[in-house]
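By convention here, the first residue in the shown sequence is residue 1.
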Amino acid sequence: MNVNNSKCTTKNWIQILLVFILSLSQMPLNAQDQDTDTKKWEFNIAPYLLFPYMNGEVVIQGIPVEVDENPGDIFSNLNWGAMLYFEASSPKWAFVFDVQYMDLGADGQTPLLSRKASVGLDQLALAISGRYRITEWADIGIGARLNSIGGSVKVAPGDLVLPGTDFSMNETWLDPFIVTRVMTNLNDSKWRLALSADIGGFGIGSDLAWQINPSVGYQFTKLFQLGVEYRWFGMKYETGSGTSTGIILTDLFLYVVTTSGPEIKFSFHF
């Protein structure tokens, strides 16, 4: 990785984000003088369930691990998980909070010598964004996503002189991102269509992080909406040094994973 290019890119993106923030802050000034009393805030809280496929590579202390998991693999090793979406919106502004947490664990044996082994992984993604409505059907904004990944590996000692292995890691980083969303009702019916996308990292946290999220929902009542969505989320993050040999432990941590899958969202509006 070219350090000089990374610093130049980060500086440029910081300048772009600052200009973008200042531009957004000026947008509502003229609107504040018009119909201020008619503005009304609405809230949407939505627990949801994601059925994820995960593909890519993770390197922990120089040990590479290929990731190729389907929803069955993940749910069979799931100890605990939570997913929640919250949005507060007015005719001009929206503030969005989205959190995902998974705690995975598995027991097994090493391929060689059949020693008992246990692996644990917990992953948190917490995103907060502020958005400005530029038309009736589109908004744009900025936000930040906190990523935290913790892992542990325990291998029992061998029958002869082989020692056991016990190590853990935790990496936490923050990714700024730019987000946009388009949305519409189908012929003023109760059907809702939306597409949101964001891109971030910019070398500040991840080298690159991106997300695409199309959705369709049906408004059963004024209070309740059921949504079916699909989520693609990719990330490349690297820290530390060393090589992915799997023989000599280093402080290298690499996370290059794409997560995708269908999602069911239960939305409550008030």
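With hydrophobic clusters built from ILVMFWY side chains whose heavy atoms lie under 4.5 angstrom apart, Y48 does not share a cluster with L126. Under a hydrophobic-cluster definition in which Ile, Leu, Val, Met, Phe, Trp and Tyr are linked whenever side-chain heavy atoms come within less than 4.5 Å, directly or via other members, M83 and W80 are assigned to different clusters. Hydrophobic clustering (side-chain heavy atoms under 4.5 Å, transitive across Ile, Leu, Val, Met, Phe, Trp, Tyr) groups F97 together with L124.
Annotation: the span from T184 atom OG1 to W191 atom CH2 amounts to 14.0 Å, rounded to 0.5 Å. Atom-to-atom distance recorded for T180:OG1 and I199:CD1 is 12.5 Å, nearest 0.5 angstrom. The CZ atom of R133 sits 12.0 Å away from atom CH2 of W93, with the distance rounded to the nearest 0.5 Å. Considering CG of D103 and CG of N77, their distance stands at 11.0 Å, rounded to 0.5 Å. From T258, atom OG1 reaches atom CE of M54 across 9.5 Å, with rounding to the nearest 0.5 Å. Annotation: the span from L254 atom CG to K236 atom NZ amounts to 7.0 Å, rounded to 0.5 Å.
With a 4.5 Å cut-off on side-chain heavy atoms, D139 and V182 do not count as touching. The closest side-chain heavy-atom distance from L186 to L193 is below 4.5 Å.
Residue pairs meeting the salt bridge (Lys or Arg N to Asp or Glu O under 4.0 Å) criterion with at least one member in residues 261-270, sequence neighbours excluded, are E229-K265, R231-E263. Residue pairs meeting the salt bridge (Lys or Arg N to Asp or Glu O under 4.0 Å) criterion with at least one member in residues 58-74, sequence neighbours excluded, do not occur. The stretch residues 190-202 participates, sequence neighbours left out, in these salt bridge (Lys or Arg N to Asp or Glu O under 4.0 Å) pairs: R145-D198. Counting only residues at least two apart or on different chains, no salt bridge (Lys or Arg N to Asp or Glu O under 4.0 Å) pair has a member in residues 213-225.
With D251 contributing its side chain and G240 its backbone, the two residues share no donor-acceptor pair below 3.5 Å. Between the side chain of S89 and the backbone N or O of F43, no donor-acceptor pair lies under 3.5 Å.
For Y237, the side chain to side chain donor-acceptor pair (under 3.5 Å) criterion is met by no residue, not counting sequence neighbours. Among residues two or more places apart in sequence or in another chain, the side-chain contact (heavy atoms from CB on, under 4.5 Å) test is passed with A194 by M183, S215. Remark: S76 pairs with no residue by the side chain to side chain donor-acceptor pair (under 3.5 Å) rule, at least two apart or across chains. In this view, F266 satisfies the ring pair (Phe, Tyr, Trp, His ring centres under 6.0 Å) rule with no residue, not counting sequence neighbours. Taking W232 as the reference, Y230 meet the ring pair (Phe, Tyr, Trp, His ring centres under 6.0 Å) condition, with sequence neighbours excluded. When the side chain to side chain donor-acceptor pair (under 3.5 Å) test is applied to N170, the partners found at least two apart in sequence or on another chain are T172. Scanning for side-chain contact (heavy atoms from CB on, under 4.5 Å) contacts around V96 gives Y85, E87, S129, R131, with sequence neighbours left out. Under the rule for a side chain to side chain donor-acceptor pair (under 3.5 Å), the partners of W173 that lie at least two apart in sequence or sit in another chain are D175, S206.
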Take L174 and N147 through the test side chain to side chain contact (heavy atoms under 4.5 Å, CB included) and record every step on the way to the result.
-> CA-CA 6 Å; L174 190 69; N147 303 284; over 6 Å; no

Could you walk me through whether L121 and I149 pass the side chain to side chain contact (heavy atoms under 4.5 Å, CB included) check?
-> CA-CA 7 Å; L121 176 70; I149 297 177; 3.7 Å; yes

Would you please test V59 and F253 for side chain to side chain contact (heavy atoms under 4.5 Å, CB included) and show each step?
-> CA-CA 5 Å; V59 177; F253 175 78; over 6 Å; no

Worked verdict on Y218 versus F220 for ring pair (Phe, Tyr, Trp, His ring centres under 6.0 Å) | CA-CA 6 Å; Y218 185 81; F220 284 92; 4.9 Å; yes

Criterion side chain to side chain contact (heavy atoms under 4.5 Å, CB included) on L50 and Q100, from CA distance to verdict = CA-CA 9 Å; L50 175 65; Q100 299 178 19; 4.2 Å; yes

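The minimum heavy-atom distance linking S267 with N44 is given by the pair CB-OD1, 3.4 Å. Nearest heavy-atom pair, N79 versus L104, reported as atom, atom and distance to 0.1 Å: ND2-C, 3.8 Å. For the pair F270 and I45, the tightest heavy-atom approach, listed with the atom from each and the gap, is CE2-CG2, 3.9 Å. Taking each heavy atom of K40 and P91 in turn, the nearest pair found is O-CD, 3.7 Å.
Counting heavy-atom neighbours within 6.0 Å of Y53 OH, excluding the residue itself, gives a total of 12 or less.
For F51 and F75, the ring centers sit closer than 6.0 Å to each other.
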